[in-house]
Amino acid sequence: MTEGTTTYREAMREAIREAMRRDERVFLMGEDVGAYGGCFAVSLGLLEEFGPERVRDTPLSEAAFVGAGIGAALGGMRPIVEVMTVNFSLLALDQILNNAATLLHMSGGQLNVPLVIRMTTGAGRQLAAQHSHSLEGWYAHIPGLKILAPATLEDARGMLWPALEDPDPVLIFEHGSLYNLSGVPRPGPVDISHAALRRSGKHVTLIGYGGTAGKTLSAADALAAEGIEADVIDLRILRPLDDATVMESVSRTHHVVIVDEGWRSGGLSAEISARIAEQAFYQLDAPIARVCTTEIPIPYARHLEEAAIPQVPAIVTAAREAVAS
Amino acid sequence: MTEGTTTYREAMREAIREAMRRDERVFLMGEDVGAYGGCFAVSLGLLEEFGPERVRDTPLSEAAFVGAGIGAALGGMRPIVEVMTVNFSLLALDQILNNAATLLHMSGGQLNVPLVIRMTTGAGRQLAAQHSHSLEGWYAHIPGLKILAPATLEDARGMLWPALEDPDPVLIFEHGSLYNLSGVPRPGPVDISHAALRRSGKHVTLIGYGGTAGKTLSAADALAAEGIEADVIDLRILRPLDDATVMESVSRTHHVVIVDEGWRSGGLSAEISARIAEQAFYQLDAPIARVCTTEIPIPYARHLEEAAIPQVPAIVTAAREAVAS
Amino acid sequence: MVSKGRPRASQHSELLRQMLRIRRFEERCVELYSSEKIRGFMHLYIGEEAVAAGVCQALTPDDAVVSTYREHGHALARGVPATAIMAEMYGKAAGCSRGRGGSMHLYDAARGFYGGSAIVGGGLPLAVGLALADRFQGRNRVTTCFFGDGAMAEGAFHECLNLAALWGLPVLFACENNLYAMGTALAKTHAQTDLALRAAGYGIAAWPVDGMDAPAVAQAAARATESIRAGAGPHFLELRTYRFRAHSMYDPERYRDKAEVERWKKRDPIDTLIARMTAAQELTGDDLAMLEKEIVEEIDRAVAFAEQAPIEPVEDLTRFVYSEIPPSGGTMPARRAEAAS
Amino acid sequence: MVSKGRPRASQHSELLRQMLRIRRFEERCVELYSSEKIRGFMHLYIGEEAVAAGVCQALTPDDAVVSTYREHGHALARGVPATAIMAEMYGKAAGCSRGRGGSMHLYDAARGFYGGSAIVGGGLPLAVGLALADRFQGRNRVTTCFFGDGAMAEGAFHECLNLAALWGLPVLFACENNLYAMGTALAKTHAQTDLALRAAGYGIAAWPVDGMDAPAVAQAAARATESIRAGAGPHFLELRTYRFRAHSMYDPERYRDKAEVERWKKRDPIDTLIARMTAAQELTGDDLAMLEKEIVEEIDRAVAFAEQAPIEPVEDLTRFVYSEIPPSGGTMPARRAEAAS
Ligand SMILES: Cc1ncc(C[n+]2csc(CCOP(=O)(O)OP(=O)(O)O)c2C)c(N)n1
Ligand SMILES: Cc1ncc(C[n+]2csc(CCOP(=O)(O)OP(=O)(O)O)c2C)c(N)n1
Ligand SMILES: [Mg+2]
Ligand SMILES: [Mg+2]
């Protein structure tokens, strides 16, 4: 194992640790973040370092502890609320939409909510319908929120601090399949405002994020073998979307494939497609293609789940067809 | 007042009354549907006719009574659950998404949920941010649900019965601005599977639904005065979408304006735009235009609220520009 | 707040003044609603004034208040200027929420008034969180959360009482039991209608109070807040009161009979206190006339202010969706939120 | 169900048989999980068998059961065939949910087994609704809802207990208090840890039961269900038990010490009943050996069945999102859902 190697899980943990050391107003709150060490072991060891007040286990009360995070932010703290998984966040959605995202406006600018909510998202681990939702793109519909989807070690390590610095509520979605991602993170600053061009090519633009960012890169490798050079964009921030990066790429490649683990209809892929059709319509040489999750509750059986969510071969085929047409 | 004149409110009430007379398994449950007569007076008089068992007032417990509606449907009833407004439905979203929409699949086809959930939706009455959401298009993202948006007297009167006949969960969104709509409903069958072409024209397709259906028709009148003939589509069913009707129109007009009271980013307007770009790309002579609600929590002040939601002049302008380009 | 030193008479006259301000303010609101100066949903507090007046008398300027959509009384008693409230209901830029909130969303960060929630029970978690922030920052303040009997049926009530009790947070849960949730009577909402008993089930101090008796409310609130400040954790008061008017401006009141309303009106908290003060020679007819005069003038000023106040320019429509203070690159942002408390 | 007539001995041996089936079945599941035949989340019931065996013994074939993600024991005790359960965990088409549910979502409509919910507390409203449907249709059945101590902190618990109590619905709330919600100890979840007392606060009959004593659970469940059938409305049983294994297959159990686990293992519900039956000469060594043999054979058959069962064709991926029975134009649809009860 080379010097400086880390995992996505450890990078996220380091980011939390650093923030808590750096600012006493920061605390971590959620189900089993303390004694258990975090459902996905992200907060392992933090209870020992910071104690039960700042690494705060909560009862199974999503609405109350997410809302309490909003209140604590209003009271001058900088809470990091962990909702174990996006599947359970629906129980707190009223607090997120009607309070966190809305208070600043309803109060005429008096009450900003400097809150960070972290949650695990995504399918791919045979956890079945109620534990496999990919709703980060759905959350991106809500004005007043910022939505982040770290897909790299650098973003896992670097996005939390600017999120905590942000005066408004920021939701961070960690795809469950990424925690064991490992490598040596590249140094350098991390912003929470721009999409990233992960690879450059002139024939087609592949757009992914979170759980699909890696798959788009693998697809680009496969396409390169066929002589198709792909621009690969990792959106990173799902709200507000960085249109400039997308349009710049489309204006060079004239072909687009959007890859989204969310359900197709009304998913984030639709918004990206609509914006391209609005802002780069005359740049398009072919219809915009979308590779999304089949519109079904995610099934348990491995072969069914694999068939339901976006996979590399489907991305490759979609890109091939886009370029061909 | 001419013979047979009725209002949207009365039409909805008649639909409920008829269903309850016709099928003993049908009952109405929700906050203040009984003694109060319904927050918007839709169920006025039904308690007197059917009694407190079948016109059932519930405590302020959205998650419990919506979930109880799901359970009652599993138990052989045909519940009509009224969630006073869409704003409060977020408290029941977990039950709707993780149970109502998912049980049939998770159980391998054993448990269907013949449930109808009615709710008021929309802005325009100066009720401010927490009482003005338009989330029906957002709900349309969820597989397993059917989403209806009656915009006419005929649909208010006719959609409930087929919704109750449907073996799966159906959500009916009633726009708050429509209850006082009055006129003489045209007789004839009502389906819950097709969009409706409300007006024909060859220059541009205006697509609306629910609260924006009427505005698109008004815009079409204004455009006609300028010599621009618009096809006006009322989507009626937001999930599953009737693509055929939309594509047929686009293939004739080659210009599209989508009008949606939902927030723009990630709203239903995005999905419709994406589908047109996928299925009718080569038919388009201009970028697809979207007239949506500004991405802010809806403000109370009348002039601000009016400026925030789609209005006829904006639709007219968008159509004019689409046709011009 | 109720300082033992302070003479009872002055406490009573302050309670009377606050109740009358609320009553007259809302009576004027009704007129303004008919003349369409005020729009949207408007929920009147008339009949329940003793609750806001009594509870707020026990609070210090540092304390925090979380309210509901029936909040004119809470806001006025908390000291939010009538001018700013009225301008808000007119939808003017000078309103306490810059015209964006209206009757259901009054805010005044400087006075720790965290505003009205139009989602029943939606304010409860905020109150728990505000109290948690105080614990972290060593601020000895009380966060008072007002909510109704109907709100107690919501899951949020259960989660928040448990959380506040579990963590021993300084929250005063002020339940305004006016016997109805819109048109649904208490017994149709709760299997167990003794609400104080229910709250006590979470292991916190809870008791019922005659919510039509302002001094009784003030005493109970003083006792509760002193105990909370002393570190005894959350307290719950069931304030038994009654709404004299309709639930909102659109309610035909089919669910209760006039006789019941009339019976309660005989216990009007304002008349009751006036009678008691008069009997105790704490108040003369002239005092009362003077008080009424001051209040009418205050409300006239508020209306005049709201009438002439400018509206928010439409160009500012999209402000306040995200903060205008840019995140301070590298260093932590200033403690804006604290300025609010 | 426990019929007064039925000899105690046969009741005991049935309880023993069910507990052993659950224990051996799950022990086999652990092996199959290591060999990756079973995937996803898997939550073991080992140590808690007396609860499922005892409660289900009090139910009739017509009754309904709503379960959790920790449901192997509930499903087996309810009579869902081990073959169908095992095939489900293998993700096969012959599984009781056609491979779509897995360990957390076992269903058997024909046996009134309304399946596992992986959203804590998510099954409670369904149980209330099933009971409401029975009330409407004049069916005298009991709906049993299993849930944990942690689930009681969720708002849904509060809303559902109030609703069931308010409407007097035939629901048996079976709270499996195993002292932990994942790694969170009872006292860190609830301000008031006497769970039966909390439930009684809604005005329903509620009492604690030794959840390690199968006959005691069976007796309590019999008493509760008889009372519910007699129209006394919802009942609540706090079944005090303990989870011998990790929360799920991924849990390193940092939150409790081995000694505590060992203490509880001394109260193993199976060993306890065997000892008692042996002492009472209700069970011989041969009986036990025979019983173990039958159970091993049953589980072997289940594994063999699952191994050879075909998988669902990928072409059927999108089935069961919407019903395949077309709505019957004009007339009402057949009572499909009832066939399920
Ligand atoms: C979550 C939610 N459900 C329903 C409503 C509609 N609603 C507004 S006020 C109200 C009654 C609340 O009663 P209570 O809590 O007793 O307060 P009160 O109005 O009596 O002061 C209802 C049902 C709402 N605003 N929020
Ligand atoms: C709403 C929700 N929040 C969190 C989780 C994650 N989770 C699964 S089981 C569990 C603990 C539940 O404890 P308890 O109710 O006592 O049941 P037990 O596991 O002890 O049987 C948690 C937190 C979940 N599945 N659903
Ligand atoms: Mg009330
Ligand atoms: Mg437990």
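Order of the sequence lines sets the chain letters (A, B, ...), proteins ahead of strands, with each chain counted from 1. The analysis underlying the following values was restricted to heavy atoms, covering all of them including side chains, and did not include hydrogens, waters or symmetry mates.
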Heavy-atom cut-off 4.5 Å, strictly under: side chain, backbone, both or neither for [X] against chain B?
{"X": "L186(C)", "answer": "neither"}
{"X": "A185(C)", "answer": "neither"}
{"X": "M182(C)", "answer": "both"}

Please flag which part of [X] lies under 4.5 Å from any non-hydrogen atom of chain C: side chain, backbone, both or neither.
{"X": "A307(B)", "value": "both"}
{"X": "L90(B)", "value": "neither"}
{"X": "L44(B)", "value": "side chain"}

Top contributor to chain B interface from G101(C), P313(C), P252(C), A156(C) [non-hydrogen pairs under 4.5 Å]: G101(C)
Best-contacting candidate, G95(C), A118(C), G102(C), G150(C), against chain B by heavy atom pairs under 4.5 angstrom: A118(C)
Among P299(B), A64(B), A41(B), G37(B), residue most engaged with chain C (heavy-atom pairs, under 4.5 Å): P299(B)
For the student: nearest non-hydrogen atoms of A301(B) and G91(C), plus distance: CB-O, 3.5 Å
Give me a line-by-line list of donor-acceptor atom pairs from chain C to chain B that are under 3.5 Å apart, or tell me none exist.
| from | atom 1 | to | atom 2 | distance (Å) |
| --- | --- | --- | --- | --- |
| R39(C) | N | Y300(B) | OH | 3.0 |
| R39(C) | O | Y300(B) | OH | 3.3 |
| M89(C) | O | Y300(B) | OH | 2.6 |
| G99(C) | O | A301(B) | N | 3.0 |
| R100(C) | O | Y300(B) | N | 3.0 |
| A118(C) | N | Q130(B) | OE1 | 2.6 |
| A153(C) | O | S61(B) | OG | 3.1 |
| E154(C) | N | L60(B) | O | 3.2 |
| G183(C) | N | D32(B) | OD1 | 3.0 |
| T184(C) | N | D32(B) | OD1 | 3.3 |
| T184(C) | OG1 | D32(B) | OD1 | 2.8 |
| R254(C) | NH1 | Y36(B) | O | 3.2 |
| E312(C) | O | H303(B) | NE2 | 2.7 |

